[in-house]
Amino acid sequence: MTSNSTTKTLVKTFLRTPHSLKTKFQAKQLLAQFLKTQPYSPSSTSILISVYSNFNLLHPSLFLFNSLNSPPLLAWKSIIKCYANSGHFLNSLTCFVQMRSFGIYPDPNMFPLVLKACVFLKNLRLGESIHGCIIRLGLDFDLFTGNALLNMYAKFQSLQPNGGRKVFAFNVFDGMPKSDELCGTSAQEKGASIIQLESMTKVLEMMPIWDVVSWNTVIAGNAQNGMYEEALRMVREMGNANMKPDSFTLSSVLPIFAEYVDVIKGKEIHGYAIRHWFDSDCYIASSLIDMYANCARIEDSCSVFNLLSKRDDISWNSIIAACVQNGVFDEGLKLFRQMLTAKVKPRDVTFSSIMPACAYLTTLHLGKQLHGYIIRGGFKDNMFIASSLVDMYAKCGNIKAARWIFDQMEHQDMVSWTAIIMGYALHGHARDALLLFKQMEMDGVKPNYVSYIAVFTACSHAGLTDEAWRYFNSMSRNHGIKPGLEHYAAMADLLGRAGKLEEAYEFIGSMHIAPTGSIWSTLLSACRVHKNLELAEKVANEIFKVDPENVGAYVLMSNMYAAARRWKDAAKMRIFMKKKGIRKEPACSWIEVKNRVHTFISGDKSHPLYDRIFEALKDLLEQIEREGYIPDTNEDFHDVDEEQKKYMIFSHSERLALAFGIISTPAGTTIRITKNIRVCVDCHTAIKLISKVVQREIIVRDNSRFHHFKYGKCSCRDYW
DNA sequence: ATAGGGTTAG
């Protein structure tokens with residue numbers, strides 16, 4: 001009995017000073033004692049609920065709350081807070097509205113919570129009606145409430161474009177809404193964004209004092225809505241008001257300089273961050289990583305990451321994305337593996353960041369593994385991820401899988417359409433690509449800059465000059481897209497491949513932006529294919545004017561001179577190259593066998609199975625010679641005799657990879673090879689015949705497209 | 001009460 005009365009006193013003491021409880025465990029013990037010893041009174045129950053909600057113990061709080069017939073303010077407040085803090089914003093708001101219907105008025109520090117819930121549920125209407133409630137209660141002078149309102153209007157401003165949101169009339173004081181109304185996205189009227197901006201200004205004007213949070217909220221609001229200059233102006237003004245920018249301020253400012261590609265200003269901010277000890281802050285670090293990556297300063301991104309003592313999931317995502325966006329794919333994949341080793345769980349963003357690395361490197365096995373992970377993790381409906389999967393499967397040579405993913409998507413956006421169109425284009429299925437483009441337009445999805453690159457790529461690989469012209473002309477007329485370098489390059493390439501060399505030359509000359517070396521280069525290689533040395537010389541001169549270090553042009557000219565037996569001119573080109581110290585990139589092919597990538601360069605004997613590869617090559621050569629193969633040595637310009645040339649072609653990198661693929665995989669397996677430069681004519685002929693004699697499908701991806709070899713034919717119909 | 005990372009590109 002004594003012990004019971006002691007407990008009673010103890011419980012009473014705790015209820016009088018609930019803050020003396022320090023752990024969840026103590027709180028739970030208190031509940032047990034309370035249930036044993038106390039008669040239920042609304043006020044003591046409310047105190048207990050508030051204890052639980054402070055520890056974010058939702059279920060015990062609800063248990064007690066439901067035992068009350070007419071809960072007092074403290075009980076409502078605690079339960080609303082507990083719901084909001086455990087992410088149940090809808091329940092939190094429903095509870096708030098219920099409380100109002102009981103005729104209970106909220107107290108000042110409840111508003112920030114419910115406003116946050118409105119932001120989360122994208123429910124502007126409810127937020128506005130709560131704002132009305134705040135004004136009526138005269139609480140708009142409260143700093144915290146004011147800041148929460150500022151935040152709400154700032155967030156809704158950035159939700160504006162492409163609204164189509166459901167409108168419903170609802171007032172906090174009118175009673176209960178249905179739950180689907182509460183989570184529904186709210187009003188989208190014309191000029192709504194301006195209204196929100198005005199609301200923000202009005203709130204700001206009403207507030208008697210502004211603190212750092214007020215400034216940061218408004219700065220972030222401007223920065224996230226593309227009003228960069230206004231945001232920067234406010235940062236300066238904030239300084240004039242004797243308010244020091246903190247880490248929150250910096251993480252609004254850094255993305256602006258990333259967008260501006262202004263590494264000088266970005267570095268200044270980095271310096272400020274170091275001086276104020278913000279550089280070890282994960283938020284600042286990931287913004288810095290992103291800023292440097294956007295400015296093509298990947299080394300600086302890496303050093304920020306390496307100096308970070310604590311890394312969260314977003315720090316990892318940022319550095320992985322930074323590597324992939326800068327073309328450092330191996331490093332990106334390495335970091336991804338390190339992230340997994342460090343037991344950091346990949347998020348949706350991780351997958352859409354890493355996937356392009358698989359696409360560029362043609363590492364299908366890795367892409368498939370990631371795809372498995374995506375399905376298991378429940379990420380497959382994410383638009384970004386699905387688009388990157390479409391792209392990955394297409395680039396890894398599996399256009400059917402790409403199409404399957406594309407068709408599985410619930411909605412297709414412009415990026416996913418563009419990815420699948422580009423996929424078909426790269427595989428030489430020009431008609432399918434153009435058909436999809438029409439379907440996209442019929443679906444009401446507007447093409448953008450990149451979509452048209454895909455269209456021209458498709459036309460280019462099938463020689464569809466008339467269609468290409470039509471699209472080129474309608475691009476700006478129908479969609480207001482001005483042709484840029486990539487479009488000009490694709491058009492020039494298209495005309496060149498189709499043999500319309502003079503037309504291409506004039507086309508490049510008439511561009512409204514200055515042509516680059518790479519645009520002229522597409523025409524130069526067309527000149528080689530169509531053996532027009534005279535025009536080639538003119539084009540090469542243009543290249544050397546804008547890009548005197550262009551390796552490809554020297555090599556190409558040298559080869560063309562050699563083919564025309566103008567040895568002196570050929571030698572001159574080689575000497576120029578030597579003087580400038582520029583070297584040709586070696587031709588290289590790779591193939592995946594049993595989840596490993598095997599790389600070959602031309603004439604390479606270093607592979608452990610080289611002897612067997614050589615035997616296989618000889619064997620294949622005999623077989624295809626029986627099918628009528630005659631080596632075409634025209635494209636090999638080494639100054640050696642024909643027999644040697646035959647041998648040199650015979651050991652081109654793609655053939656080594658192919659022979660290795662044939663001897664190391666079961667009969668009938670599809671072989672996928674990737675090459676860093678264009679396949680030569682002779683290899684193309686040889687691989688066609690090899691596909692026939694070994695009865696296999698062979699897929700070769702070079703630097704610009706796919707070749708599917710089957711039954712002695714290639715999908716490009718010898719046009720590439 | 002305020003903050004960070006993502007898909008398509010000859």
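In what follows, chains carry the letters A, B, and so on, assigned in the order in which the sequence lines appear, proteins first and then strands, with residues in each chain numbered from 1. Owing to the predicted nature of the structure, the values given are computational and were not obtained by experimental measurement.
Base engagement by A:Arg347 is indicated by at least one non-hydrogen atom pair under 4.0 Å involving a base atom. Within 4.0 Å (heavy atoms only), A:Ser247 reaches at least one base atom of the nucleic acid. Residue A:Ala321 is classed as a sugar-phosphate contact, given heavy-atom separations below 4.0 Å to backbone atoms only. As judged by a 4.0 angstrom heavy-atom cut-off over every strand, A:Asp391 is placed among residues touching the sugar-phosphate backbone only. Among the protein residues, A:Gln325 comes within range of the sugar-phosphate backbone only, with heavy atoms under 4.0 Å from sugar or phosphate atoms but none that close to a base. Heavy atoms of A:Asn703 sit under 4.0 angstrom from at least one base atom. Within 4.0 Å of A:Tyr488, counting heavy atoms only, lies no atom of the nucleic acid at all. Using a 4.0 Å heavy-atom criterion, one finds that A:Ala489 contacts no nucleic acid atom at all. Residue A:Ser252 is classed as having no contact, given no heavy-atom separation below 4.0 Å to the nucleic acid. Using a 4.0 Å heavy-atom criterion, one finds that A:Thr522 contacts the bases of the nucleic acid, with or without backbone contacts as well. Using a 4.0 Å heavy-atom criterion, one finds that A:Asp211 contacts the bases of the nucleic acid, with or without backbone contacts as well. Residue contacts for A:Pro356: at a heavy-atom cut-off of 4.0 Å it reaches the sugar-phosphate backbone alone, with no base atom in range.
No more than 12 heavy atoms of other residues, nucleotides or ligands shown are found within 6.0 angstrom of CH2 on A:Trp404. A 6.0 Å sphere centred on OH of A:Tyr449 holds more than 12 heavy atoms belonging to other residues, nucleotides or ligands.
In this structure the side chain of A:Leu364 reaches within 4.5 angstrom of the side chain of A:Tyr393, judged on heavy atoms.
Interface limits on DNA chain B: the 5'-most and 3'-most nucleotides within less than 4.0 Å of chain A heavy atoms are B:dA1 to B:dG10.
Outside the 6.0 Å centre-distance limit, the rings of A:Phe437 and A:Trp417 are not counted as a close aromatic pair. Taking the six-membered ring where the residue is Trp, the centroids of A:Tyr505 and A:Trp520 are separated by under 6.0 Å.
Using a 4.0 Å cut-off between charged nitrogen and carboxylate oxygen, A:Glu230 and A:Arg233 count as a salt-bridge pair. Salt bridge A:Glu331/A:Lys334: present, at least one basic N to carboxylate O contact under 4.0 Å.
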